[in-house]
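Heads up: the structure comes next, in C-alpha cells.
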Amino acid sequence: MIHLEKVSKNFQPNVNALSDITLHIDAGEFVSIVGQSGSGKTTIVRLLISEIQPDAGEVEVGGWNITKIKKVQVPLLRRQIGVVFQDFKLLPKKTVFENVAFALQVSGAPRARIQQVVPQVLNIVDLSDKLHRYPQELSGGERQRVAIARALIHRPKVLLADEPTGNLDALNTKDIIELLLKINEFGTTVVMVTHNKEIVNSLKRRVITLDRGLMAGDQRVGKYVI
Amino acid sequence: MFLHALSRGIIFALQSFWRNVWLSIATIFVIFLTLVSVNFLIAVNVIADSAINVVKERIDVSIYLKPDIQESKIAELKTRLESDSQVKNVVYRSPADNLADFKAKHVNDEKIKETLDSLNGNPMGATLIIKAKNLKDYPVILRTLEDPILNEIIEEKNYDDNQLVIDRINLIASNIKRVILAISIIFIIISILIVFNTVRIAIFTHQNEIAIMKLVGASNWFIRFPFVFESILAGLFACILAMFFIYPLLSFTQGYIGGFFGGADFNIISYFNANFFLIWGAQLLGIIVINAISSSIALSKYLKV
Ligand SMILES: Nc1ncnc2c1ncn2[C@@H]1O[C@H](COP(=O)(O)OP(=O)(O)OP(=O)(O)O)[C@@H](O)[C@H]1O
Ligand SMILES: [Mg+2]
C-alpha cells in the first residue's frame, strides 16, 4: 500500500529531514511511527500526501508512483488518503456536519449524496447527536473525531494520523486510538505518528522508529524504545 | 459533478464577498468610477461627432444666377455640377421661390414692399445650392466655378465657411477627451490594483479554508474559482450601478445639448440605447477580463497550490 524506496529529503543544504529511508507498509496494516522531535515523522506524512517531493528516491501510494506526480493529480491523491493532525484543522464557523460536508462540497459532490454520506460517517465516529455543534462546543477528543470523520469521507485506502492524540488527555486519547483501530478493522491502512509511549506499547502493532532522519528500527510487534 | 462544483464555487464566492463586505464595496465603487469615466468618454465622443455633423450639414455653396438666364441653361449647369464626383447634390431654387422668400423675410418693411411693387416682373434670378460630399471638396468645387464662361451667368457666389466652428468643436472635444481618457486610465490602473489587493486579502482571510480544501482534495481550479468569480461579480455590480448612474446623467445632459442641435434629430440617450449591447457589453467584458487577469495574478502570487 505504501512504499518508500531510498527516500531523502533536505529542506536546507545541511538539514537532512530524511535520509535514505526505505519502508513498505501493506494494505490493512496498523503502523506507528515514533521518534524524537525533528526526526522526520511529519516529513514522511507530507511526502505521502504530496505536499512536498523527495530529493531522491521513490514514493508510491496504493500502487501509484507519486514521486513525480502532476499538480492536477494531487487532489485525486488526497481523496484517496485521509489525514488528521494534532490541531484538528476544523473550520470554527462551521458546524460538525458542515465541516465534514465541506470535504465533499469541494470535490463537487451533489447535495443528496452529502446529506446521505455525512451522517453515516459521523455515525462511525459516534457523533450522531452533535451534528449541529460548533467546534468550540466540543471536547478535544470530539473535535479529533470530527477531523477523522472528514478524513474518512472519501473512503480512503489509507488514513494518516500525525500525532492525533497530541492535544488530548488520557481518556480522549484512548477513545481516539480505539476509533483508529476500528477503522483499521474495516480495512483501512492506518499510519499513526505518535509520541505516546504507553499507547505504542499497549497496541502491540508494528512500530517504525526514526532517529534524525534515519531508520532506527522496524518491529512487527514494537515497543517504544527511545 | 461539474455543475455541482460550479454552484458550490459560486456560493463560496458570495460568502467570501460578504465576509469582506466593506472591501467588496470599495472595490465595486472604484470599478464603478472607472466605468463612469469611460462612459463620459463615450458620451463626449458621440456628442462632439454629432455636433460636427450638424455643422457640416449646414455648409454649402450657393450660386446666385443672373435674372435673365434661360431655364434650359440653368438645367444644363445643374446637370454639369451634379456629374461632378465631389458633389453630393444640387438644389434648384427658381426666381419665384427666391422672390417669395425675400418677400416673406421683409414682410414688415414697407419701403422694400413699395420698391418691389413698382417693378414689373421678378428682379431675382434662380439659385443653385451645392452640397459637397466632403468638407475638403468645397475649395475644388469653388475653383471649378471660377470658369469665365460661368462668370457670365453667375451673379454672386456665397460659401458659408464653417470650418472655424468645426475646428473649435474638434479642439474642445479633443481636449475634453484627453482629460477624460487620462482619468479613465488612472481609474483602470486603480481598479487593477484594488482588485489585486482585494483578492490578496481574500486569500489571507481564507487561509485556513484553503489549507483544508487542499488537504481534502479540492482541485486547484475549485480553490481559485471563487476568488476569480468574486472579482467578476464586483465588475458586474459596478456595471449595473454605472448604468443606473449614467442614464439619468445623460437625460440631464440631453436637456442642455438638445438646444444646440436645434432641429437636428439627436438624442444621446437613444444613441446609448441603440448601441446598448455594444457599449455595455464591451465595458462588462473589459472589466471582467481586467478583473480575471488581476485576480489570477494575485492568486498565482499568493496562493501556493
Ligand atoms: N519547511 C521546512 N524548512 C526547513 N526545515 C524543515 C522544514 N520542515 C521540517 N524541517 C526540518 O526537518 C526535520 C524533520 O522535521 P519533521 O517535521 O519531520 O519532524 P517531526 O519528526 O515531525 O518532529 P515533531 O515530533 O516535533 O513533530 C527537522 O529538523 C525540521 O526542523
Ligand atoms: Mg511532526
Side-chain angles (χ1 to χ4, degrees), chain A residues 45-46 48-52 61 69-85 87-94 98-115 118 121 135 146-156 158-162, chain B residues 1-24 199 201-233 292 295-305:
Chain A
V45 173
R46 295 176 68 199
L48 291 175
I49 59 171
S50 199
E51 206 177 286
I52 52 174
V61 178
I69 189 170
K70 289 201 186 81
K71 259 190 177 178
V72 289
Q73 290 180 315
V74 172
L76 300 178
L77 173 73
R78 303 231 173 118
R79 288 176 208 175
Q80 293 180 26
I81 306 175
V83 211
V84 295
F85 297 95
D87 61 355
F88 321 126
K89 297 198 194 299
L90 299 177
L91 292 167
K93 285 185 184 161
K94 286 186 189 290
E98 289 164 346
N99 262 289
V100 177
F102 189 70
L104 280 176
Q105 287 173 347
V106 301
S107 56
R111 180 181 285 270
R113 197 177 131 70
I114 294 174
Q115 293 295 335
V118 174
V121 178
V146 177
I148 291 172
R150 186 180 61 196
L152 293 177
I153 201 80
H154 292 299
R155 305 186 184 288
V158 181
L159 181 65
L160 305 177
D162 192 352
Chain B
M1 203 70 164
F2 178 74
L3 280 181
H4 286 295
L6 194 70
S7 64
R8 209 83 66 191
I10 291 171
I11 291 170
F12 284 180
L14 290 173
Q15 285 169 347
S16 152
F17 188 87
W18 194 243
R19 223 156 114 180
N20 291 316
V21 68
W22 288 108
L23 192 65
S24 309
V199 172
I201 290 168
I203 291 170
F204 289 142
T205 35
H206 289 80
Q207 244 167 359
N208 281 336
E209 247 148 315
I210 292 170
I212 292 168
M213 278 179 164
K214 287 185 198 165
L215 214 58
V216 296
S219 55
N220 291 348
W221 80 264
F222 187 91
I223 298 174
R224 285 159 175 271
F225 173 77
F227 295 104
V228 178
F229 183 78
E230 199 186 329
S231 72
I232 289 174
L233 207 66
S295 57
S296 298
I297 295 173
L299 286 173
S300 63
K301 226 176 130 132
Y302 299 104
L303 187 75
K304 295 277 169 269
V305 189

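Each chain gets a letter, A, B and so on, in the order its sequence line appears, and its residues count up from 1. When reading the values below, keep in mind they use all heavy atoms of this one structure, side chains included, and skip hydrogens, waters and symmetry mates.
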Practice task
List the steps and the verdict of side-chain contact (heavy atoms from CB on, under 4.5 Å) for A:V106 and B:F12.
Solution key: CA-CA 10 Å; A:V106 301; B:F12 284 180; 4.0 Å; yes
Fill in the blank from the handout: Between the OG atom in B:S7 and the CZ atom in A:R111, the distance rounded to the nearest 0.5 Å is 8.5 Å
Completion exercise
To the nearest 0.5 Å, atom CG of A:L104 lies from atom CZ of B:R8 at 8.5 Å
Contact origin within [X] toward chain B - heavy atom pairs under 4.5 Å:
X: A:L91; answer: both
X: A:F88; answer: neither
X: A:L160; answer: neither

Problem - Qualifying residues under side-chain contact (heavy atoms from CB on, under 4.5 Å), relative to B:S296, sequence neighbours excluded - result: B:V228
Problem - B:R19: partners by side chain to side chain donor-acceptor pair (under 3.5 Å), with sequence neighbours left out - result: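 Side chain to side chain donor-acceptor pair (under 3.5 Å) check on B:R19 returns B:E209.
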Problem - Verdict with reasoning, A:K89 to B:L215, per side-chain contact (heavy atoms from CB on, under 4.5 Å) - result: CA-CA 10 Å; A:K89 297 198 194 299; B:L215 214 58; 4.0 Å; yes
Practice task
State whether the side chain of A:R78 and the backbone N or O of B:V216 hold a donor-acceptor pair below 3.5 Å, judged by distance alone.
Solution key: no
Handout entry: Closest non-hydrogen atom pair, A:P75 against B:S219
Key =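 Closest pair (atom of A:P75, atom of B:S219, distance): CG-CA, 3.6 Å.
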Exercise for the section: Test side-chain contact (heavy atoms from CB on, under 4.5 Å) on A:R150 and B:I212 and set out the steps. Expected result: CA-CA 10 Å; A:R150 186 180 61 196; B:I212 292 168; 3.5 Å; yes
